[in-house]
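Down below is the structure, laid out as structure tokens.
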There are 4 protein chains.
Amino acid sequence: MRQKTGDKHSAILQAAVQVFADQGFAEAKVAWIARVAGVATGSVYNYFESKEDLLHSIFRDMWSRILEALSELAAQEEIPSAERLERMVDAVFDRFSADSNLARVFVNEQSFWMHKWEGDLSDLFQRFMDLLEQTLHDAGLKPGMDPRIQRYLVFGAVRQLIHQWADPKCPFSRDAAHSQILLLLRSLTTAG
Amino acid sequence: MRQKTGDKHSAILQAAVQVFADQGFAEAKVAWIARVAGVATGSVYNYFESKEDLLHSIFRDMWSRILEALSELAAQEEIPSAERLERMVDAVFDRFSADSNLARVFVNEQSFWMHKWEGDLSDLFQRFMDLLEQTLHDAGLKPGMDPRIQRYLVFGAVRQLIHQWADPKCPFSRDAAHSQILLLLRSLTTAG
Amino acid sequence: MRQKTGDKHSAILQAAVQVFADQGFAEAKVAWIARVAGVATGSVYNYFESKEDLLHSIFRDMWSRILEALSELAAQEEIPSAERLERMVDAVFDRFSADSNLARVFVNEQSFWMHKWEGDLSDLFQRFMDLLEQTLHDAGLKPGMDPRIQRYLVFGAVRQLIHQWADPKCPFSRDAAHSQILLLLRSLTTAG
Amino acid sequence: MRQKTGDKHSAILQAAVQVFADQGFAEAKVAWIARVAGVATGSVYNYFESKEDLLHSIFRDMWSRILEALSELAAQEEIPSAERLERMVDAVFDRFSADSNLARVFVNEQSFWMHKWEGDLSDLFQRFMDLLEQTLHDAGLKPGMDPRIQRYLVFGAVRQLIHQWADPKCPFSRDAAHSQILLLLRSLTTAG
DNA sequence: CATGAATGAGAATTCATTCAT
DNA sequence: AATGAATGAATTCTCATTCAT
């Protein structure tokens, strides 16, 4: 049963997510990713430029999907802005809940590589942060709060919860994490 | 050319912080750290077991100092608990404000390595998180908020601010960052 | 310049024998072995675990072949036992006469490494010594001689002749060496 | 209690014998030899040129002492030549029985280094072999036996017994080894 | 496109030796 | 002579990447 071309591309990506999550990018071996994906080592290079490109693709896909979801949300003006904020966070949460390996890659590698790569990926992330800022602003932050800075606080808080949740030894449930982040969001807005 | 004077141990550690910050741990070369420290390559191994031990020592020193400062704070019962919380965050902030290279190492490497090392270092970090939880509890979180989870939100928020602040292109001042994190803390407590 | 043809496994082994013979195991460089074998340094590690594994493989092959020859001999019960003993020694002699580099590796490294490795290789050597003991016993040692000990004397004597013979400056011929060892064997047996 | 100068020299030599026996020359660390000898690393170089010189000194002392003993023996013309041969072997045996670490160094390193060093040490060994040849000749080898070659057989046989005996797992006693080598010697001479 | 053996640049680490004290 | 921290050359082994098939 031959795999279709498209399958191989994503099989490799998925394998890379798993191996990067387990070993970290630096320790991950391309040959091992290929093994996990069920292809030959050389085949990886038929689909990706390099090991680094693999990570880059993972991040690009990840942020593209997240942005796509968030852009839809942002367009739905009938939703109250406070609820839009919560739904944004939900969307991010959902993305990582669905794939704890991706969550671990995000947590471990994003800081370093997003800083190192100065290209399209930073733009994607920037758009995400801008959306978050706008939404925070619309939701009505408490007096004195600067959405340009608060967005980082919110992002950092969510990132850390994802970090904990992606750990198999995490003592609290996804739902508990989720409700606590909502409480934080509400306390930041005048409504809270 | 044999260097005898000076504290090589610290010189190497400091050089390592700088090089790890610039290149990332994986890309950092021991020979380059030695060069920066002004010692021979082999001398690094007179003071540290391995490149990884270098990073471990950096983290141990970092968390030891932070914990020391926080332990003092925690003991000062005459300070109102809400203020203690703010001072705790100040202490962490101060530690990294004083050394932006250390901040970058913290931001880029902590997640991965703290998970990989399961030893004394995790304990140190755990004690930090426990202190944070206790202080949040004492400060009086809003109804429904679980200090076991909120501590991660607070830690993540602070971590992210440090991340931004350590970036030379960061558009806001350390003071602005600081006042915004205080606003967040206050909004989490009933007082806010 | 990518070499595809030929048996790299053997080429590397053969090169290793030569280089180990010339430089000694400790002084031999893997890169040099690769050069002699006409392959890239890294290719050595496609076929062998380590430099030590290279030596181990040399010894395993050597003893396997010798044991194979001796086992055949031992099975031929129609040959008088005294002659079997001589033929055994011949077989060992032939093996090393055919490859003086192998002889030098045997002479220089066997004592140390056979003691250091406690695994399958020792078993192989043990079987060789047991065969020798049995053959000495069958050939009829002189009164008072213990085959459990005499086998070491015989082995040591043969080993030393190989040692001398493998030296380019050796003043006597292979045949002279051979006839002298036969005289010794005969003097050990009642027939002598 | 300060050590006298002479003590340090021999303390280092003795430590070197032990460490070379345990680890092999190549794996032995000068720093460890110094530790065992109870001196500083640098002190080794006050008494010896190099690590290799240490081994060289060990061999020179060893062969000097052996030759000294054998020369005495050779001079005692009142002793029957057959007995002189046996006493020669005894002397060699005694030397190594008294120091099993020295025996192991002899067994493991002599072949390689004696070949590598082409100087005074080879001469010493040569004189030993010449004495052995002369003694074998005097003792009266069986017809057809060439003392130029038989001396190697005898040397190799004795060397191998020393090898076995120096192994802690050796199943036979020193005395058994000794009596078996005497039986071999006797069978080589017409008297046997 | 698929394969996986071959490549070789690169880096952490070791350790014999030196030398300032 | 004694010390032991400092040195840096040297080497094994790794692994991302290539390319002949």
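Order of the sequence lines fixes the chain letters, A, B, ..., with proteins taken first and strands second; residue numbering starts at 1 for each chain.
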Query raised in the report: Is a side-chain donor or acceptor of D/Ser50 paired with a backbone partner of D/Asp53 at a separation under 3.5 angstrom?
Result: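 The answer is yes, because a donor-acceptor pair under 3.5 Å joins these two groups.
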**Report entry** Which atom of C/Ile58 lies closest to which atom of C/Val17, heavy atoms considered
**Finding:**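 Heavy atoms of C/Ile58 and C/Val17 come nearest at CD1-CG2, 3.7 Å.
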Query raised in the report: So, for C/Phe25 and C/Glu52, which heavy atoms are closest and what is the spacing to 0.1 Å?
Result: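 Reported closest heavy-atom pair: CZ-CA, 3.8 Å.
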Query - Partners passing side-chain contact (heavy atoms from CB on, under 4.5 Å) against B/Arg65 (at least two apart in sequence or in another chain) - result: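 Scan of B/Arg65 (side-chain contact (heavy atoms from CB on, under 4.5 Å), adjacent residues dropped) gives B/Arg95.
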**Report entry** Strand-adjacent residues in residues 108-119 of chain D, judged by heavy atoms under 4.0 Å from DNA chain E
**Finding:**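 Of all residues in residues 108-119 of chain D, none places a heavy atom under 4.0 Å from DNA chain E.
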**Report entry** Close residues, residues 14-32 of chain B, relative to DNA chain E [heavy-atom separation under 4.0 Å]
**Finding:**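 Heavy-atom contacts with DNA chain E come from B/Ala28, B/Lys29, B/Val30.
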Query raised in the report: Do other residues, nucleotides or ligands put more than 12 heavy atoms under 6.0 Å from A/Trp117 CH2?
Result: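 Yes.
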Query raised in the report: Do the ring planes of A/His9 and A/Tyr47 sit parallel (below 30°), tilted (30 to 60°) or perpendicular (above 60°)?
Result: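 Perpendicular.
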Interatomic distance, [X] [atom1] vs [N] [atom2] [rounded to whole Å]:
X       : N      : atom1 : atom2 : value
A/Lys51 : F/dT18 : NZ    : C1'   : 17 Å
A/Ile33 : E/dG4  : CD1   : C1'   : 16 Å
B/Asp7  : F/dA6  : CG    : P     : 10 Å
B/Glu49 : E/dC15 : CD    : P     : 14 Å
A/Phe48 : E/dA2  : CZ    : P     : 12 Å
C/Asp53 : F/dC13 : CG    : P     : 10 Å
C/Arg35 : E/dT7  : CZ    : P     : 13 Å
C/Leu54 : F/dC13 : CG    : P     : 10 Å

Query raised in the report: Which ranges of DNA chain F pair up as stems, where a stem means three or more consecutive Watson-Crick or G-U pairs with both distances under 3.5 Å?
Result: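 Expected stems, ordered by start: E:2-21 with F:2-21.
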Query raised in the report: Where each residue is assigned the nucleotide of DNA chain E containing its nearest heavy atom, which of C/Tyr47 and B/Ser43 is assigned the position nearer the 5′ end?
Result: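 Final value for this comparison: C/Tyr47.
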Query raised in the report: Closer to the 5' end of DNA chain E via nearest nucleotide, is it C/Gly42 or B/Gly42?
Result: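 Nearer the 5' end of the strand: C/Gly42.
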**Report entry** Distance, P atom - from F/dT21 to E/dC1, rounded to whole angstrom
**Finding:**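 E/dC1 and F/dT21 have their P atoms separated by 22 Å.
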Query raised in the report: D/Met114 versus D/Trp63: any side-chain heavy-atom pair under 4.5 Å?
Result: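 With C-beta onward as the side chain, the pair touches.
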Report task. Could you check if a side-chain atom of A/Tyr45 sits within less than 4.5 angstrom of a side-chain atom of A/Val30, using non-hydrogen atoms only? Result ->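 Side chain of A/Tyr45 against side chain of A/Val30, heavy atoms only: contact under 4.5 Å found.
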Report task. Please determine, for the side chain of A/Lys8, which listed nucleotide (E/dT3, E/dT17, E/dT14) has the closest atom? Result ->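 Closest of the options to the side chain of A/Lys8: E/dT3.
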**Report entry** Nucleotide nearest B/Asn46 (side chain, heavy atoms from C-beta), chosen from F/dT7, E/dT13, F/dC13
**Finding:**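 For the B/Asn46 side chain, the nearest candidate turns out to be F/dT7.
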Query - All side-chain hydrogen bond (donor to acceptor under 3.5 Å, both in side chains) counterparts of A/Trp113, not counting sequence neighbours - result: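 In terms of side-chain hydrogen bond (donor to acceptor under 3.5 Å, both in side chains), with neighbours along the sequence ignored, A/Trp113 is linked to A/Glu109.
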Query - Qualifying residues under ring pair (Phe, Tyr, Trp, His ring centres under 6.0 Å), relative to D/His115, sequence neighbours excluded - result: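 In terms of ring pair (Phe, Tyr, Trp, His ring centres under 6.0 Å), with neighbours along the sequence ignored, D/His115 is linked to no residue.
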Query raised in the report: Got a second to check how far C/Gln14's CD is from C/Asp99's CG, nearest 0.5 Å?
Result: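 The distance works out to 7.5 Å.
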Report task. Carefully, step by step, assess C/Phe48 and C/His56 under the rule ring-ring contact (aromatic ring centres under 6.0 Å, His included). Result -> CA-CA 10 Å; C/Phe48 301 93; C/His56 194 273; over 10 Å; no
Query raised in the report: Considering heavy-atom distances to DNA chain F, does B/Ala40 or C/Ser50 have its closest nucleotide positioned more toward the 5' end?
Result: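 Taking each residue's closest nucleotide, the earlier one in sequence belongs to B/Ala40.
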